[in-house]
Structure formats: structure tokens, C-alpha cells
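Below: the structure, in C-alpha cells.
In what follows, chains are A, B, ... by sequence order, proteins preceding strands, each numbered from 1. When reading the values below, keep in mind they use all heavy atoms of this one structure, side chains included, and skip hydrogens, waters and symmetry mates.
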Amino acid sequence: MENGKIRPDVVSYNTMIKGYCKAGKTQKAMELLRVMESINLEPDKITYMTLMQACYSEGIFDSCLALYHEMGEKGCEVPPHAYSLVVGGLCKEGKCLEGYVVFENMIRNGLKANVAVYTTLIDAFAKCGKMEEALELFERMKTDGLEPDEVSYGVIVNGLCKSGRLDEAMEYLRFCRANKVAVNAMFYSSLIDGLGKAGRVDEAQKLFEEMVEKDCPRDSYCYNALIDALAKCGRVNEALMLFNRMKDEGCDQTVYTYTILISGLFRERKNEEAMKLWDMMIDKGITPTAASFRALSIGLCLSGKVTRACKILDDLAPMGAIPETAFEDMIYVLCKAGRVKEACKLADGIVDRGREIPGRIRTVLINALRKAGNANLAMKLMHSKIGIGYDRVGSIKRRVKFRILLEI
DNA sequence: TTAGGGTTAG
């Protein structure tokens with residue numbers, strides 16, 4: 001005690017750290033931890049847990065992991081929730097194997113896993129395409145004396161649907177209904193989407209209609225899944241009827257709904273209707289995403305309206321919603337449709353804006369030119385950048401624009 | 001009780 005002042009202890013620091021975390025100032029809170037270290041004040045379990053929770057909530061998973069290691073190294077007791085946060089963070093980053101290692105550490109240290117940690121891991125494995133491992137963990141969880149709940153069944157069913165194992169997924173639906181496990185909208189939307197993608201649209205439709213009887217309110221995910229299934233199998237009129245029903249039912253029509261329908265309408269050459277939906281979406285104040293613009297530009301480019309697509313893209317650019325790669329997507333689509341000349345023209349347009357065509361798009365153009373029988377130009381493109389480059393004539397180097405159409 | 005799940009395209 002110097003100068004009559006009381007030196008702050010761990011509790012005072014923890015209180016300040018919690019205050020900063022609550023105010024969303026996680027960085028400031030982390031700085032306080034370093035201050036504690038500099039004055040030789042040992043952080044405790046609460047210090048670390050407060051900081052880990054804040055880092056996890058903000059998605060700063062590497063700091064979360066670092067704190068977990070630090071508390072272990074300092075011989076601090078590591079509570080189960082610390083493991084949950086680390087496993088959850090690693091899984092969210094797609095690192096399911098690393099998450100699994102931490103999970104095993106937790107068990108080795110005598111702590112018991114719970115349903116949420118198991119479910120996090122199961123979902124991460126399913127998303128990495130390791131469905132067998134996900135199912136093994138699911139079995140292990142039950143052997144461990146833990147009862148899976150609606151979320152655990154939901155991630156299993158979602159994983160099975162995504163990997164095309166629909167009959168097994170449907171078996172789980174029957175099981176849950178028979179065993180009084182709640183079947184919620186996410187459960188249904190996974191099945192409707194999976195059935196639709198497998199071409200079993202009528203079954204998808206039946207499930208969708210069944211939801212009312214089963215007292216499960218339909219949300220936009222369920223609607224979007226069925227609208228997508230209908231639009232993709234040439235039943236876009238039925239999809240549009242659902243779109244209207246959605247509004248009557250008070251269900252949000254989202255940017256996904258519009259994107260699905262715009263693609264479906266263009267597919268059936270209903271270009272004007274597709275454009276109308278795009279305008280409706282913009283009028284409603286729904287911000288277009290990269291995917292929605294892709295649907296629109298693919299449709300417009302393939303119906304010969306490349307200029308119109310470019311104009312919309314230019315108008316949207318200031319909104320910042322459309323990625324830099326939008327023009328490249330358009331070149332890709334045109335090449336795929338064999339409209340190489342239009343693709344080249346678009347590429348040249350990008351060059352005139354002072355930008356360069358990236359390697360992968362150049363590859364697409366080269367292959368398209370070769371396919372179209374223009375092997376010479378394809379060869380030439382292989383050896384030069386499209387865009388601003390340098391030309392060497394003897395010892396003189398000069399800056400040139402390389403445009404494709406000039407070469408044809 | 002703090003932590004776990006979902007859609008557009010290719």
C-alpha cells in the first residue's frame with residue numbers, strides 16, 4: 001500500500017474486464033490482462049473465462065484458443081465451458097479434427113461432455129463431408145448416457161440430406177415423431193431441400209403440406225426450399241403461387257426467395273417476369289447479394305442482353321453489395337454457353353476500365369477459344385496477360401493494353 | 001443455463 005492508495009486486486013481487475021467486455025470493448029479488456037501480468041498479479045479462472053466468452057462471441061476464435069492454452073499453462077483450472085468455447089470456435093472455422101482433439105483432451109482430464117458439445121462436433125464433421133464420423137459421434141453420445149435433443153437430430157438429418165442419404169433422413173423423421181422428439185422447421189426444411197434436390201419434388205411438397213397438421217409453422221427456409229425444388233423442375237408457376245402464399249402467411253420473402261425465382265424464370269425464358277421480380281426486390285429495399293446478381297446477369301447474358309447486365313452492375317457498384325468478381329462470373333457464363341465473342345468483348349471492357357483479367361478467367365477464355373476452333377488466339381492468350389502489360393521490341397519495353405478482339 | 005443447427009450457384 002503506497003501513498004495510502006489501495007492496490008487493485010484480481011477481483012477489481014475482473015470487474016473492470018467484465019465491464020469492458022459488456023461494453024463490447026474486448027480489445028481494452030485484453031489489454032487489462034496484460035497489465036495484470038506486468039504488475040505480477042495472477043489472473044484467475046474468472047478472468048480467463050470472461051475474456052474467452054467475449055472473444056468467442058465476437059468470433060475472435062484464435063484469441064479464444066490462445067487464452068485456453070494460457071490458462072492451462074498457468075495451472076489454472078480449466079472448466080468444461082472453456083472446452084465448449086474452444087471446440088465451438090474451431091468447428092465454426094471448419095477445423096473439425098482440431099476440435100475433436102480438444103474434445104478428447106477434455107474427456108482425458110476427467111470432464112464430462114454434454115449434448116451441446118457433441119452436437120457442435122457432429123455438425124462440424126457432417127459439414128466437412130465426414131458423415132460416417134458424425135454418425136459415430138452421435139452413437140457415442142448415446143452410449144455416453146446423453147439423450148440427443150431436437151437440435152442433435154436436426155444436424156444429423158441435415159447432414160444426411162446434404163449427402164444425399166434421404167431414406168435414412170426420412171427414417172429419423174419417423175423415429176422422432178414416434179418418440180416425441182420435437183420436429184421443428186429446420187428439420188423440415190432440410191428434408192424438403194434434400195428431397196427437392198434429389199428430384200423427389202412431390203414428396204417434398206407432401207412434407208411441406210404436412211407441417212400444418214403437425215402444428216409446425218412454416219418459415220422462409222421451408223418455403224425457399226420448396227420454391228427452389230419447383231423452379232428447378234420446370235414448375236415455376238407453382239413456385240410463384242407459393243411466393244404469393246408466403247406473403248399471405250406472413251412469412252418473409254427474402255433475398256434467397258427472389259434469387260431462386262429469378263433463376264427459375266430465366267431458365268424458362270420468362271425474361272421480363274424475372275426482371276420484374278428483380279425490380280420488385282430492389283423496390284422493397286432488399287439488398288441484392290452476389291448470388292442474386294449472378295442469377296440476374298446469367299439470365300441477361302444468356303438472353304443476349306450483356307449490355308443491360310453491365311449497366312445494372314455499374315448502377316449497383318456504388319452500393320458495394322456486388323463483388324469485384326461479378327464481371328468474371330459473366331465471362332464464365334458466356335464461355336460456358338459457347339458465346340466466346342461476347343465473353344471476349346466483356347473482358348476487353350474490363351481492360352479498358354484499367355483492370356486486369358485474373359488467371360483463372362483467362363484459362364476459361366483460352367479453353368473456350370480452343371473449343372470454338374480458334375487455336376491460334378488461344379495459344380497467343382496463353383503467353384500474354386489480358387490487360388495492361390508490357391511489350392518488348394528488341395531492347396525497348398513499352399506499356400500496352402492487350403485486348404482480345406483486336407487479335408481476332 | 002453460460003454453449004449447439006438451416007436456404008440461392010458450381
Under-4.0 Å side-chain N/O to phosphate OP1/OP2 contact, A:Tyr83 with B:dG4: no
Measure the CD-CG distance between A:Glu273 and A:Leu240 for me, rounded to the nearest 0.5 Å. 6.5 Å
Tell me, please, which residues at least two apart from A:Tyr68 pass side chain to side chain contact (heavy atoms under 4.5 Å, CB included). A:Met52, A:Leu65, A:Val78, A:Tyr83, A:Val86, A:Val102, A:Asn105
Decide yes or no for A:Cys251 and A:Arg218: does some side-chain heavy atom of the first lie under 4.5 Å from some side-chain heavy atom of the second? no
Quick one: does A:Ser152 reach the base of B:dG5 with a side-chain donor-acceptor pair under 3.5 Å? no
Are A:Tyr256 and B:dT7 stacked, counting the six-membered base ring, centres under 5.5 Å, planes under 30°? yes
Do any of residues 177-189 of chain A sit with a heavy atom less than 4.0 Å from DNA chain B, and if so which? A:Asn184, A:Ala185, A:Met186, A:Ser189
Which residues in residues 192-211 of chain A have a heavy atom closer than 4.0 Å to any atom of DNA chain B? A:Lys197
Rounded to the nearest angstrom, tell me the gap between atom CG in A:Leu191 and atom C1' in B:dG5. 14 Å
Parallel, tilted or perpendicular, as decided by the 30° and 60° cut-offs, for the rings of A:Phe61 and A:Tyr56: tilted
Sequence neighbours excluded, the answer for salt bridge (charged side-chain N to carboxylate O under 4.0 Å, His left out) partners of A:Glu58 is none
Pair listing, salt bridge (charged side-chain N to carboxylate O under 4.0 Å, His left out) test, anchored in residues 153-166 of chain A, at least two apart: A:Glu132-A:Arg165, A:Arg165-A:Glu168
Intermediate values then yes/no, side-chain hydrogen bond (donor to acceptor under 3.5 Å, both in side chains), A:Thr254 and A:Thr257: CA-CA 5 Å; A:Thr254 67; A:Thr257 322; 3.3 Å; yes
Would you call the rings of A:Phe243 and A:Tyr258 parallel, tilted or perpendicular, taking 30° and 60° as the class edges? perpendicular
Not counting sequence neighbours, which residues clear side chain to side chain contact (heavy atoms under 4.5 Å, CB included) with A:Ala295? List them please. A:Thr259, A:Ile262, A:Ser263
Which nucleotide in the list B:dT8, B:dT2, B:dG5 gets nearest to the side chain of A:His81? B:dT2
Give, ordered by number, those residues of residues 212-227 of chain A having at least one heavy-atom distance below 4.0 Å to an atom of DNA chain B; if nothing qualifies, reply none. A:Asp219, A:Tyr221, A:Asn224
Is the backbone N or O of A:Val181 less than 3.5 Å from a side-chain atom of A:Asn179, with the two atoms forming a donor-acceptor pair by type? no
Please check: side-chain N/O of A:Arg267 versus main-chain N/O of A:Gly234, any donor-acceptor pairing under 3.5 Å? no
Kindly write out the residues that satisfy side chain to side chain contact (heavy atoms under 4.5 Å, CB included) with A:Arg177, not counting sequence neighbours, or none if the list is empty. A:Leu173, A:Val183, A:Tyr188, A:Leu207, A:Glu210, A:Lys214
Base of B:dG4 paired with side chain of A:Thr120 (donor-acceptor, under 3.5 Å): no
For residues 298-306 of chain A, which residues have at least one heavy atom under 4.0 Å from DNA chain B? none
Closest to side chain of A:Val151, choosing from B:dA9, B:dG5, B:dG10: B:dG5
Could you list by number each residue of residues 90-115 of chain A showing a heavy-atom separation from DNA chain B of less than 4.0 Å, or answer none if no residue does? A:Lys92, A:Asn114, A:Val115
Would a 4.5 Å heavy-atom cut-off, applied to side chains only, mark A:Ile286 and A:Gln253 as touching? no
In chain order, what residues pass the side-chain hydrogen bond (donor to acceptor under 3.5 Å, both in side chains) check against A:Asn14, with sequence neighbours excluded? A:Asp44, A:Thr47
In chain order, what residues pass the salt bridge (charged side-chain N to carboxylate O under 4.0 Å, His left out) check against A:Asp228, with sequence neighbours excluded? A:Lys197, A:Lys232
Under 4.0 Å, counting only non-hydrogen atoms across every strand here, what does A:Tyr56 touch: a base, just sugar-phosphate, or nothing? sugar-phosphate
May I have the step-by-step check of ring-ring contact (aromatic ring centres under 6.0 Å, His included) for A:Tyr223 and A:Tyr256, ending in yes or no? CA-CA 10 Å; A:Tyr223 266 102; A:Tyr256 291 89; over 10 Å; no
Any A:Lys127 side-chain N or O less than 4.0 Å from OP1/OP2 of B:dG5: no
